[in-house]
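Report on one structure; see the data block that follows.
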Amino acid sequence: MIKIIASDMDGTLLNDQMVISEKNADAIKQAQALGVHFIVSTGRGYTEVKPLITAAGFNSPMITFNGAEVLNEDGETLNTTPISDEVVQTLVQLFKKEGFYFEMTTSNGVYSDNRASRIQNVARLISDTNPDTPFKMAVSLAAARLELMNINYVDDYQTVIDDPKIDIFKLIVFSMDGQEKLTPLKAKIEAEDSLVVTSSAPTNLEINNINAQKGIALQAFAKGLNIPMSDVMAIGDNLNDVSMLKVAGVSYAMENGHDEVKRIANHSAKTNSEDGVGLAILEQLAEK
């Protein structure tokens, strides 16, 4: 019997318009009404997640920044696992030397040093996770979405690193050339054994503290509720979802997901534009 459902967002819970469909929201609310705990598990931060679930008409705890921060339904922080400032400094120097555009996700929101690059990379993410969306439309969606988000633009990331009030939870590196350029960089990053490297799209790398993973956070969440992992369902589409799919007793890979995700999961869901999350939830509820 499923007692916890954890869902990724981009390419999973969000459709090609980057919102939670009515059918997905209805299935989540139906599960919650039956006493099932639903938790968002995403690479996004609270300020990016909260407006989306509010618009869909439900509330839930959140695993954010790939597991670097866990929040309750009221948005109160339960746990954080940031990257040390010293390691961030080393990564910043590496990315600048190699000529990569990158962003920081922090306890104070997302930081970027280039608005045009941010729109381009968000558009590429939308296009990659929703193949039916033309890139020009994705650019428009990205620009509109960024207007609604609290993005911090800085001239120099050093000001973020030096601020003692800010914890840095995740760095995201982008390349329009995809894994051809990113794979060599990934090898250099992984030389630092305090880090874990995943991705949410073919054109990015996401870097976290090695203890900040969706699977680790989901296990801790279940343990806090005294629920065995055999009663946990997880659903996702990309490599940053692998850790939670591996630990969940019931795991779903989106039809639009990465091949490795499909190999790991023990169930298959329809695409994110076909209400795949909602259908998977209803499928499991029918087995109660």
- Euclidean distance, L52 CG relative to F58 CZ, rounded to 0.5 Å: 9.0 Å
- Check: M18 main-chain N/O paired with N15 side-chain donor or acceptor under 3.5 Å: yes
- Message: Give me the atom names and distance for the closest heavy-atom approach of I4 to V36.
- Response: N-CG1, 4.1 Å
- Query: Any link between F100 and M104 through a network of hydrophobic side chains (Ile, Leu, Val, Met, Phe, Trp, Tyr) touching at under 4.5 Å?
  - Reply: yes
- Item | Donor-acceptor under 3.5 Å (N209 side chain, P82 main chain) | yes
- Can you check side chain to side chain contact (heavy atoms under 4.5 Å, CB included) on D85 and Q89, steps first, answer last? CA-CA 6 Å; D85 289 345; Q89 187 77 66; over 6 Å; no
- Query: Counting only N and O atoms by type, is there a donor-acceptor contact under 3.5 Å from the side chain of T77 to the main-chain atoms of N79?
  - Reply: no
- Query: Who else is in V261's hydrophobic cluster (ILVMFWY, side-chain heavy atoms under 4.5 Å, direct or via others)?
  - Reply: L239, V242, L245, I264
- Message: Using only atom types and a distance under 3.5 Å, with no angle test, would you say the side chain of T106 pairs donor to acceptor with the backbone of I168?
- Response: no
- Query: What do you reckon, is NZ of K246 surrounded by more than 12 foreign heavy atoms closer than 6.0 Å?
  - Reply: no
- Item | Sequence neighbours excluded - salt bridge (charged side-chain N to carboxylate O under 4.0 Å, His left out) pairs with any residue from residues 256-269 | none
- Message: Working to the nearest 0.5 angstrom, can you tell me the gap between M233 CE and H267 NE2?
- Response: 8.5 Å
- Item | Side chain proximity check, S60 to Q32, heavy atoms < 4.5 angstrom | yes
- Query: For the side chain of T105 and the backbone of K170, is there at least one donor-acceptor N/O pair under 3.5 Å apart?
  - Reply: yes
- Query: Is it true that atom CG of D155 has more than 12 heavy atoms of other residues, nucleotides or ligands lying nearer than 6.0 Å?
  - Reply: no
- Message: Please tell me whether D237 and T12 have a donor and an acceptor in their side chains that are separated by less than 3.5 angstrom.
- Response: yes
- Heavy-atom closest pair (Q213 atom, S243 atom, distance to 0.1 Å) is OE1-CB, 3.7 Å
- Between atom CG of L34 and atom CD1 of I281, what is the distance when rounded to the nearest 0.5 Å? 11.5 Å
- Item | No-hydrogen, no-angle side-chain donor-acceptor test under 3.5 Å, Q93 and T90 | no
- Is there side-chain contact between V232 and L218, with at least one heavy-atom pair below 4.5 Å? yes
- Item | F38-I53 co-clustered via ILVMFWY side chain contacts under 4.5 Å | yes
- Message: Do M62 and Y46 have side chains that approach each other closer than 4.5 Å (heavy atoms only, starting at C-beta)?
- Response: yes
- Give the cluster check for L225 versus M244: same hydrophobic cluster or not, with ILVMFWY residues linked at side-chain heavy-atom distances below 4.5 Å. yes
Please tabulate, for the side chains in residues 182-191, all donor-acceptor contacts under 3.5 angstrom to protein atoms that are two or more places apart in sequence or on a different chain.
{"residue": "T183", "atom": "OG1", "partner": "Q179", "partner atom": "O", "Å": "2.8"}
{"residue": "K188", "atom": "NZ", "partner": "E98", "partner atom": "OE2", "Å": "2.6"}

- Under 3.5 Å: donor-acceptor pair, side chain of N208, backbone of I210: no
- Is the side chain of S175 donor-acceptor paired with the backbone N or O of K181 at a distance under 3.5 Å, no angle test? no
- Using a strict 4.0 Å threshold on nitrogen-to-oxygen distance, state whether K270 and D275 make a salt bridge. no
- Here the pair of heavy atoms bringing A248 nearest to A234 is CB-CB, 3.7 Å
- Assess whether side chain to side chain contact (heavy atoms under 4.5 Å, CB included) is satisfied between I83 and L195, documenting all intermediate values. CA-CA 8 Å; I83 306 172; L195 300 172; 3.9 Å; yes
- Before giving the answer on side chain to side chain contact (heavy atoms under 4.5 Å, CB included), spell out for E103 and L171 the whole-Å C-alpha distance, their side-chain angles and the decisive distance to 0.1 Å. CA-CA 6 Å; E103 298 172 2; L171 298 182; over 6 Å; no
- Query: Looking just at side-chain N and O atoms, do N66 and E206 make a donor-acceptor pair shorter than 3.5 Å?
  - Reply: yes
- Query: Atom CD1 in I20, atom CD1 in I28: separation rounded to 0.5 Å?
  - Reply: 6.0 Å
- Message: Let me confirm one number: the CG-OG1 distance from N240 to T198, rounded to the nearest 0.5 Å.
- Response: 4.5 Å
- Message: Within this structure, what is the OG-CG distance for the pair S7 and L13, rounded to the nearest 0.5 Å?
- Response: 4.5 Å
- Item | Donor-acceptor side-chain pairing of D163 and T159 below 3.5 angstrom | no
- For the residue pair D8 and I235, establish whether any side-chain heavy-atom pair is separated by less than 4.5 Å. no
- Task: Tell me, yes or no, whether the heavy-atom count around K96 atom NZ, taken from other residues, nucleotides or ligands under 6.0 Å, exceeds 12.
- Result: yes
- Close side-chain approach of T81 to F65, heavy-atom, < 4.5 Å: no
- Item | Side chains of P61 and F221 in contact at under 4.5 Å (non-hydrogen atoms) | yes
- Item | ILVMFWY network linking V247 to V196, side-chain heavy atoms under 4.5 angstrom | no
- Message: Assess, by modelled atom type and distance only, whether the side chains of S112 and Y101 contain a donor and an acceptor separated by less than 3.5 Å.
- Response: yes
- Taking the six-membered ring for Trp and the full ring for Phe, Tyr or His, determine whether the centres of F102 and Y157 are under 6.0 Å apart. yes
- Audit row: S251, N266, side chain to side chain contact (heavy atoms under 4.5 Å, CB included) steps and yes/no: CA-CA 5 Å; S251 55; N266 50 40; 3.3 Å; yes
- Message: Show the nearest heavy-atom pair for residues G67 and I63, with the distance to one decimal.
- Response: CA-CG2, 3.6 Å
- Message: Measuring only between side-chain heavy atoms, which start at C-beta, is I5 closer than 4.5 Å to H37?
- Response: no
- Item | Shortest non-hydrogen separation from S199 to N238 and the atoms involved | O-OD1, 3.6 Å
- Is the backbone of E73 close enough, under 3.5 Å, to the side chain of N59 for a donor and an acceptor to pair up by distance? yes
- Message: Test your reading of the model: is there a side-chain donor-acceptor pair from D16 to the backbone of S273, 3.5 Å cut-off?
- Response: no
- Query: If every non-hydrogen atom of A269 is compared with every non-hydrogen atom of G276, which pair is closest and at what distance?
  - Reply: CB-O, 3.9 Å
- Is there a donor-acceptor contact under 3.5 Å from the side chain of N272 to the main chain of L14? yes
- Flag yes if F169 and I161 sit in one hydrophobic cluster, no otherwise; membership is Ile, Leu, Val, Met, Phe, Trp, Tyr, and two members link when side-chain heavy atoms are under 4.5 Å apart. no
- Query: Can you check whether D231 reaches I2 side chain to side chain, under 4.5 Å on heavy atoms?
  - Reply: no
